[in-house]
Amino acid sequence: DLNYNIVIAGFYSKSSSTSIDGAYMVKLEVAKGTVSRLNGGTYEIPPDVIKAYSSDWEKRRLEKRERKGENIGIRDLEIRSIATTPNGSIKIVAEQYLTYQYYDYTRYPGYGNPYYMSHPGGVFYSGRPNSRTSYNTKADDIFVFSIDAGGRLEWLKKIPKSQHSNDRTAEGLSLACSFTGNDVNI
């Protein structure tokens with residue numbers, strides 16, 4: 001922050017699921033050696049923000065989960081930037097980002113494959129020669145939190161975005177942000 005304290009931020013879930021319900025922020029006051037939560041320090045992501053810019057099908061799915069009392073949080077959210085602005089507010093920029101890998105065993109399908117094995121969970125192909133590992137990377141919606149100098153959530157915006165790459169490095173996927181005065185530019 002402006003007083004050279006360290007801001008620690010991350011995400012939390014109210015349940016044991018992998019979905020994210022909101023952000024938290026604490027300050028480590030270097031001079032005092034204390035950690036403090038400003039105004040509660042947690043910032044829940046409201047359902048209307050989660051549903052914003054979603055397809056009709058996705059909105060219906062989320063509303064059905066809400067009616068059942070299930071968590072409709074966000075998955076795979078990563079902080080990309082945190083900045084303190086001249087007015088003392090803190091901006092947190094986060095992106096839905098996921099890289100997953102899968103294995104291609106199509107060269108030896110079925111029982112003729114020398115690396116084919118059966119186990120109680122189904123078919124298993126060991127990662128032997130003639131198999132290939134592939135990667136997919138998804139960089140989706142951006143969430144921007146603005147927290148005022150007193151620790152209260154000023155606003156929270158969801159910016160729709162959808163990018164995909166077929167490799168681990170995610171070359172070509174991007175999110176750039178800069179801070180001008182009290183504004184964040186995406």
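Sequence positions, counted from 1, serve as the residue numbers for this chain. Model, not experiment: these values are computed from the prediction.
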Notebook entry, point to check: Considering all heavy atoms of both residues, which atom of Cys177 and which atom of Ile186 are nearest to each other, and what is their separation?
Noted result: CB-CD1, 3.8 Å

Notebook entry, point to check: In Å and rounded to the nearest 0.5 Å, what is the CZ to CG distance from Phe11 to Asp21?
Noted result: 12.0 Å

Notebook entry, point to check: Which value, rounded to the nearest 0.5 Å, describes the distance between Lys157 atom NZ and Phe145 atom CZ?
Noted result: 13.0 Å

Check: Should the heavy atoms of other residues, nucleotides or ligands under 6.0 Å from OH of Tyr53 be counted, would the total exceed 12?
Finding: no

Checklist line | More than 12 heavy atoms from other groups under 6.0 Å of NZ on Lys59 | finding: yes

Next item on the list: May I ask you to decide if Ser36's main-chain N or O and Glu29's side chain share a donor-acceptor pair within less than 3.5 Å?
Entry: no

Note to self: Same cluster or not: Leu77 versus Leu156, using hydrophobic residues (I, L, V, M, F, W, Y) connected whenever any side-chain heavy atoms lie under 4.5 Å apart?
What the structure shows: yes

Check: Taking Val7 as the fixed residue, which of Ile90, Leu28, Val26 is the one that meets the side chain to side chain contact (heavy atoms under 4.5 Å, CB included) rule?
Finding: Ile90

Check: In terms of hydrophobic clustering (I, L, V, M, F, W, Y; side-chain heavy atoms under 4.5 Å; direct or indirect links), are Ile147 and Val49 co-clustered?
Finding: yes

Notebook entry, point to check: With a 4.0 Å cut-off, would you call Lys158 and Asp141 a salt bridge?
Noted result: yes

Margin query: Quick check against the 3.5 Å criterion: does Thr85 have a side-chain atom that pairs as donor or acceptor with the backbone of Ser89?
Written below: yes

Note to self: Nearest 0.5 Å, please: how far is CD1 in Ile74 from CD1 in Ile20?
What the structure shows: 7.0 Å

Check: Can you check side-chain contact (heavy atoms from CB on, under 4.5 Å) on Tyr97 and Thr137, steps first, answer last?
Finding: CA-CA 7 Å; Tyr97 192 87; Thr137 301; 3.4 Å; yes

Item checked: Ser55 (side chain) donor-acceptor with Glu58 (main chain) under 3.5 angstrom -> yes

Note to self: Does either side chain, that of Ser146 or that of Lys91, offer a donor lying less than 3.5 Å from an acceptor on the other one?
What the structure shows: yes

Check: Of Lys68, Arg61, Glu63, which is the lone residue that meets side chain to side chain contact (heavy atoms under 4.5 Å, CB included) with Arg65?
Finding: Arg61

Notebook entry, point to check: Would you find more than 12 non-hydrogen atoms of other residues, nucleotides or ligands less than 6.0 Å from Lys51 atom NZ?
Noted result: yes

Next item on the list: Examine distances only and state if a side-chain atom of Tyr24 and a backbone atom of Ile8 form a donor-acceptor pair shorter than 3.5 Å.
Entry: no

Next item on the list: List the atom of Ile82, the atom of Ala9, and the distance in Å for their closest heavy-atom pair.
Entry: CD1-CB, 3.7 Å

Check: Do you know which two heavy atoms are closest between Ala149 and Asn87, and how far apart they sit?
Finding: CB-O, 4.0 Å

Notebook entry, point to check: If you measure from CD1 on Ile45 to OH on Tyr12, what distance do you get to the nearest 0.5 Å?
Noted result: 8.0 Å

Check: Does Ile50 share a hydrophobic cluster with Ile92, counting links as ILVMFWY side-chain heavy atoms below 4.5 Å and allowing steps through other members?
Finding: yes

Note to self: Nearest 0.5 Å, please: how far is NZ in Lys138 from CD in Gln163?
What the structure shows: 12.0 Å

Note to self: Under a 4.0 Å threshold between the charged nitrogen and the carboxylate oxygen, would Lys14 count as salt-bridged to Glu44?
What the structure shows: yes

Next item on the list: State whether the side chain of Ser13 and the backbone N or O of Ser19 hold a donor-acceptor pair below 3.5 Å, judged by distance alone.
Entry: yes

Check: Charged N to carboxylate O under 4.0 angstrom, Arg80 versus Glu78?
Finding: yes

Item checked: Side chains of Asn185 and Thr180 in contact at under 4.5 Å (non-hydrogen atoms) -> yes

Notebook entry, point to check: So Asn136 and Thr99, side-chain hydrogen bond (donor to acceptor under 3.5 Å, both in side chains) or not? Walk me through it.
Noted result: CA-CA 6 Å; Asn136 275 318; Thr99 299; over 6 Å; no

Item checked: Nearest-0.5 Å distance, CG of residue Asn182 to OG1 of residue Thr84 -> 11.0 Å

Notebook entry, point to check: Are Lys161 and Glu95 ion-paired here, with the side-chain N under 4.0 Å from a carboxylate O?
Noted result: yes

Margin query: Under 4.5 Å between side-chain heavy atoms, counting indirect links through other Ile/Leu/Val/Met/Phe/Trp/Tyr residues: same cluster for Ile79 and Val144 or not?
Written below: no

